[in-house]
Novice: 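Take a look at the following structure, please.
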Amino acid sequence: MIDSAKVLLVDDRESNLRVLEAALAPLGVPVVCADNGDDALRIALRGGIGVILLDVRMPGITGLEVADYLLRLDQTRDIPIVLVTGIGSSALAQTAIELGVADLLVKPVDPWVLRVKVSYLLRAGRRDADGRAADRSGPVPRL
């Protein structure tokens, strides 16, 4: 396992959540799922989340609104957010950059690419008590 921090998967479609969960299974990281923006906010605010994979288009609170809110809070601003969307456009990419998300992936997502990105973001997010980057010389997880 890379880290004890969980990966939060957020998508309003159960099938998309299962695909993401299956793609991450080889990493052995704990995963928690939410099917709407409200639940995603509640889960993220409880703590213990290392990376968020967030669908852009959802009913109610959209992924962009969730990202905007979480990136403004001191408690959650350092959690890397990867937007996952079926609508890749330059306008969305620009919005993602302006929000400050870690990355933007267009569906269908390549499982290997997803594992590499999540693995990197989890390792990059580990910090020691002094706030310095954690030692990354340990074994590289099996992708």
Side-chain angles (χ1 to χ4, degrees), residues 1-128 131 133-143:
M1 183 176 340
I2 296 169
D3 195 20
S4 61
K6 297 175 210 135
V7 177
L8 173 56
L9 308 178
V10 187
D11 199 303
D12 59 311
R13 293 186 179 191
E14 180 77 17
S15 60
N16 290 341
L17 289 171
R18 296 304 144 235
V19 166
L20 293 171
E21 201 169 21
L24 295 176
L27 292 180
V29 296
V31 171
V32 61
C33 297
D35 63 4
N36 62 70
D38 287 322
D39 287 347
L41 290 171
R42 275 193 280 282
I43 292 167
L45 290 170
R46 281 189 212 134
I49 301 298
V51 174
I52 300 172
L53 300 177
L54 180 60
D55 184 31
V56 173
R57 292 181 57 158
M58 295 185 292
I61 299 174
T62 69
L64 292 173
E65 291 168 327
V66 170
D68 184 48
Y69 185 76
L70 292 175
L71 292 168
R72 289 175 187 259
L73 293 178
D74 288 341
Q75 180 182 350
T76 53
R77 77 168 33 126
D78 292 329
I79 301 172
I81 298 174
V82 177
L83 294 177
V84 182
T85 181
I87 50 166
S89 72
S90 57
L92 178 58
Q94 182 63 37
T95 300
I97 290 167
E98 290 169 0
L99 280 175
V101 300
D103 209 340
L104 173 69
L105 295 174
V106 178
K107 297 174 190 173
V109 176
D110 180 300
W112 186 84
V113 170
L114 182 65
R115 287 191 293 273
V116 168
K117 288 179 185 291
V118 168
S119 174
Y120 170 78
L121 291 170
L122 285 172
R123 283 187 284 131
R126 287 187 298 193
R127 304 281 176 204
D128 66 12
D135 177 14
R136 295 189 182 99
S137 62
V140 175
R142 183 170 179 242
L143 301 174

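Because only heavy atoms are used, hydrogens play no part in the values below, and waters and symmetry mates are left out as well, while side chains stay in.
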Novice: Could you grab the distance from atom CG of Leu83 to atom CG of Leu92, nearest 0.5 Å is fine?
Specialist: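 Rounded to the nearest 0.5 Å, the CG-CG separation comes out at 6.5 Å.
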
Novice: By the side chain to side chain donor-acceptor pair (under 3.5 Å) test, which pairs, at least two apart or in different chains, include something from residues 76-93?
Specialist: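 Side chain to side chain donor-acceptor pair (under 3.5 Å) check on residues 76-93 returns Asp74-Arg77.
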
Novice: Apply side-chain contact (heavy atoms from CB on, under 4.5 Å) to Val19 and list each qualifying residue two or more places apart in sequence or on a separate chain.
Specialist: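 Per chain and number, Val19 pairs via side-chain contact (heavy atoms from CB on, under 4.5 Å) with no residue.
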
Novice: CG of Leu24 to NZ of Lys117: how many Å apart, nearest 0.5 Å?
Specialist: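 One gets 13.0 Å once the value is rounded to the nearest 0.5 Å.
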
Novice: Among Ile61, Leu54, Thr62, find the residue that satisfies the side chain to side chain contact (heavy atoms under 4.5 Å, CB included) test when tested with Met58.
Specialist: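 Result: among Ile61, Leu54, Thr62, Leu54 is the only option passing the side chain to side chain contact (heavy atoms under 4.5 Å, CB included) with Met58.
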
Novice: If I compare all heavy atoms of Leu9 with all of Leu17, which pair ends up nearest, and what's the gap?
Specialist: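 Minimum heavy-atom separation between Leu9 and Leu17: O-CD2, 3.6 Å.
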
Novice: Can you name the closest pair of heavy atoms from Pro80 and Leu121 and give their distance?
Specialist: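 Nearest heavy atoms, Pro80 then Leu121: CB-CD2, 3.9 Å.
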
Novice: Looking only at non-hydrogen atoms, find the nearest pair between Arg115 and Ala23 and report the distance.
Specialist: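 Taking Arg115 first and Ala23 second, the nearest heavy atoms are NH1-O, 2.9 Å.
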
Novice: How long is the straight-line distance from CG of Leu70 back to CD1 of Ile81, given to the nearest 0.5 Å?
Specialist: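 Answer for the CD1-CG pair, Ile81 versus Leu70, is 5.0 Å.
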
Novice: Kindly state each residue pair satisfying side chain to side chain donor-acceptor pair (under 3.5 Å) with at least one member in residues 17-33, sequence neighbours excluded.
Specialist: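 Those involving residues 17-33 are Glu14-Arg18, Arg18-Glu21.
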
Novice: Using every non-hydrogen atom in the two residues, find where Leu99 and Ala67 come nearest and quote the distance to one decimal.
Specialist: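 For Leu99 versus Ala67, the nearest heavy atoms are CD1-CB, 4.2 Å.
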
Novice: Please report the interatomic distance CG(Leu122) to CD1(Ile49), rounded to the nearest 0.5 Å.
Specialist: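 It comes to 10.5 Å.
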
Novice: If we only count heavy atoms from C-beta on, is the Asp11 to Lys107 side-chain gap below 4.5 Å?
Specialist: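 Yes, side chains in contact.
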
Novice: Please find the pair of heavy atoms, one from Ala40 and one from Ala34, that lie closest to each other, and give the distance.
Specialist: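 That would be N-CB, 3.7 Å.
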
Novice: Between SG of Cys33 and CG of Asp39, what distance do you get to the nearest 0.5 Å?
Specialist: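 The CG atom of Asp39 is 11.0 Å from SG of Cys33, to the nearest 0.5 Å.
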
Novice: For a 4.5 angstrom cut-off between non-hydrogen side-chain atoms, does Leu114 reach Leu53?
Specialist: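 Contact flag for Leu114/Leu53 side chains = yes.
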
Novice: Would you call Leu73 and Leu45 a side-chain contact if the rule is heavy atoms closer than 4.5 Å?
Specialist: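 Contact flag for Leu73/Leu45 side chains = yes.
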
Novice: I'd like to know if Arg42 and Asp38 make a salt bridge, using a cut-off of under 4.0 Å between side-chain N and carboxylate O.
Specialist: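 No, this pair does not count.
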
Novice: Which heavy atom of Arg57 sits nearest a heavy atom of Asp55, and at what distance?
Specialist: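 Between these two residues, the closest heavy atoms are O-OD2, 2.8 Å.
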
Novice: Roughly how far, to the nearest 0.5 Å, is the CG atom of Leu104 from the CD atom of Gln94?
Specialist: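 If we round to the nearest 0.5 Å, Gln94:CD and Leu104:CG are 11.5 Å apart.
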
Novice: Going by heavy atoms in the side chains, are Val10 and Val66 under 4.5 Å from each other?
Specialist: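 Not in contact.
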
